[in-house]
**Student:** 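My questions will all concern the structure given below.
Not measured: the values here are computed from a predicted model. Starting from 1, each residue takes its place in the sequence as its number.
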Amino acid sequence: MLITRRLEFDAGHRIPDHRSQCRHLHGHRYVLEITLAGDIISKDGDPANGMVMDFSDVKALAKAHVVDVWDHAFLVYAGDKAVVEFLQTLPDHKTVVLDCIPTAENLSETAFRILDAVYQDSYSNHLRLQQVRLYETPNCWADAVRRD
């Protein structure tokens with residue numbers, strides 16, 4: 001069975017080597033969709049009976065490990081020295097320095113890597129993260145999908 005939870009957050013970024021508008025500082029209303037695979041729990045008296053995972057637990061874990069960390073932050077590539085140094089001059093600025101350029105593809109892959117261990121069989125029903133879809137705009141998204 002597959003289940004999916006959708007969350008939204010706002011963040012800024014730039015793509016430093018891009019040839020068009022994306023090289024400028026800008027922001028997006030990102031949408032994160034987390035798809036989990038697992039067996040449906042069938043255990044009388046269990047609060048998760050009939051579920052793969054309680055959607056509120058899917059949300060709480062994603063918020064704690066990705067959404068709240070990235071929400072209203074500027075996501076910047078560590079190699080983008082000019083922007084990193086500028087952001088360090090802003091007192092109490094919420095900055096997330098990444099080891100990759102913050103494209104939709106890289107952010108989706110990063111979120112997958114962060115969340116993979118978080119959801120790993122937490123309900124003893126073979127639960128595992130199957131896919132992370134990150135919408136950068138309503139018309140553009142990237143999917144990080146389990147390969148093993």
**Student:** Tell me who clusters with M51, hydrophobic residues only, linked when side chains sit under 4.5 Å apart either directly or through other members.
**Tutor:** none
**Student:** Check whether any side-chain heavy atom of Y30 lies under 4.5 Å from a side-chain heavy atom of E136, and answer yes or no.
**Tutor:** yes
**Student:** Would you say T35 and I3 make side-chain contact, with heavy atoms under 4.5 Å?
**Tutor:** no
**Student:** How long is the straight-line distance from CD1 of I34 back to CZ of R133, given to the nearest 0.5 Å?
**Tutor:** 13.0 Å
**Student:** Where the side chain of D99 meets the backbone of A78, is there a donor-acceptor pair that is under 3.5 Å apart?
**Tutor:** no
**Student:** Can you get from Y119 to M1 by hopping between Ile, Leu, Val, Met, Phe, Trp and Tyr side chains that sit under 4.5 Å apart?
**Tutor:**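 Same cluster: Y119 reaches M1 through Ile, Leu, Val, Met, Phe, Trp or Tyr contacts under 4.5 Å.
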**Student:** Identify all side-chain donor-acceptor contacts of residues 39-50 below 3.5 Å with residues at least two apart in sequence or on another chain.
**Tutor:**
unit_1	atom_1	unit_2	atom_2	d
D39	OD2	H126	ND1	2.6
D46	OD1	A48	N	2.8
N49	OD1	K43	N	2.9

**Student:** In the hydrophobic cluster built from side-chain contacts under 4.5 Å, what are the other members alongside Y77?
**Tutor:**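 Grouped by the 4.5 Å side-chain rule, I15, I101 form the rest of the cluster around Y77.
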**Student:** Provide the closest heavy-atom pair for S108 versus A144 in the form atom of the first, atom of the second, distance.
**Tutor:**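 Looks like OG-N, 3.1 Å.
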**Student:** Give me the atom names and distance for the closest heavy-atom approach of V67 to E8.
**Tutor:** CG1-O, 4.0 Å
**Student:** Determine whether Q21 and H26 make a side-chain contact, defined as any pair of heavy atoms from C-beta on separated by less than 4.5 Å.
**Tutor:** no
**Student:** Can you name the closest pair of heavy atoms from V132 and L129 and give their distance?
**Tutor:**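 Shortest heavy-atom contact: CG2-CD2, 4.0 Å.
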**Student:** Considering only NZ, NE, NH1 and NH2 on the basic side and carboxylate oxygens on the acidic side, decide whether D71 and K63 come within less than 4.0 Å.
**Tutor:**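 The answer is no: the pair does not qualify as a salt bridge.
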**Student:** List, by chain and number, the other hydrophobic cluster members for V84, where Ile, Leu, Val, Met, Phe, Trp and Tyr join if side-chain heavy atoms come within less than 4.5 Å, directly or indirectly.
**Tutor:**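 The other cluster members (ILVMFWY side chains, heavy atoms under 4.5 Å, direct or chained) are L25, F74, V76, V83, F86, L87, L90, V97.
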**Student:** Test N139 against T137 for side chain to side chain donor-acceptor pair (under 3.5 Å), laying out the working first.
**Tutor:** CA-CA 5 Å; N139 299 317; T137 71; 5.1 Å; no
**Student:** Hey, are the side chains of H13 and L98 touching, using non-hydrogen atoms and a 4.5 Å cut-off?
**Tutor:** no
**Student:** Between R14 and R23, is there a donor-acceptor pair closer than 3.5 Å when you use the side chain of the first and the backbone of the second?
**Tutor:**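 Side chain of R14 to backbone of R23, a donor-acceptor pair under 3.5 Å: yes, one is there.
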**Student:** Using the rule that two of Ile, Leu, Val, Met, Phe, Trp, Tyr join whenever any of their side-chain heavy atoms come within less than 4.5 Å, decide whether L61 and V58 are in one cluster.
**Tutor:** yes
**Student:** Hey, does the side chain of H65 reach the backbone of L115 with a donor-acceptor pair shorter than 3.5 angstrom?
**Tutor:**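 No.
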**Student:** Do you reckon V69 sits in the same ILVMFWY cluster as F112, going by side-chain contacts under 4.5 Å, direct or chained?
**Tutor:**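 Looking at the clustering, F112 is in the same group as V69.
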**Student:** Could you pull out all residues at least two apart from H18 that satisfy ring-ring contact (aromatic ring centres under 6.0 Å, His included)?
**Tutor:** none
**Student:** Counting C-beta onward and ignoring hydrogens, is there a side-chain heavy-atom pair between R146 and Q131 closer than 4.5 Å?
**Tutor:** no
**Student:** Establish whether Y135 and V145 are linked, either directly or via other cluster members, by ILVMFWY side-chain heavy-atom contacts under 4.5 Å.
**Tutor:**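 Cluster IDs for Y135 and V145 differ.
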**Student:** Give the minimum heavy-atom separation between W70 and L107, together with the two atoms involved.
**Tutor:**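 Distance-wise, the nearest heavy atoms are CH2-O, 3.5 Å.
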**Student:** In this structure, are over 12 heavy atoms from other groups packed under 6.0 Å from E109 atom CD?
**Tutor:**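 No.
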**Student:** How many angstroms lie between CG in D57 and CZ in R5, if you round to the nearest 0.5 Å?
**Tutor:**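 If we round to the nearest 0.5 Å, D57:CG and R5:CZ are 10.5 Å apart.
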**Student:** Which side chain to side chain donor-acceptor pair (under 3.5 Å) pairs, counting each pair once, include a residue from residues 81-90, with sequence neighbours left out?
**Tutor:**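 Every candidate side chain to side chain donor-acceptor pair (under 3.5 Å) pair involving residues 81-90 fails, so no pair, neighbours aside, qualifies.
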**Student:** Show your reasoning for whether side-chain contact (heavy atoms from CB on, under 4.5 Å) applies to R128 and Q120.
**Tutor:** CA-CA 5 Å; R128 63 190 223 165; Q120 190 67 39; 4.3 Å; yes
**Student:** What is the distance from atom CG of L75 to atom OG1 of T103, rounded to the nearest 0.5 Å?
**Tutor:** 11.0 Å
**Student:** Quick one: do V118 and L32 end up in the same hydrophobic cluster if we chain Ile, Leu, Val, Met, Phe, Trp and Tyr together by side-chain heavy atoms under 4.5 Å apart?
**Tutor:** yes
**Student:** More than 12 heavy atoms of other residues, nucleotides or ligands under 6.0 Å from NZ of K59: yes or no?
**Tutor:**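 No, not enclosed.
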**Student:** Nearest heavy-atom pair of C100 and T110: which atoms, and what distance?
**Tutor:** SG-OG1, 3.8 Å
**Student:** Any side-chain heavy atom of H28 within less than 4.5 Å of one from L134?
**Tutor:**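 No, too far: nothing below the 4.5 Å cut-off.
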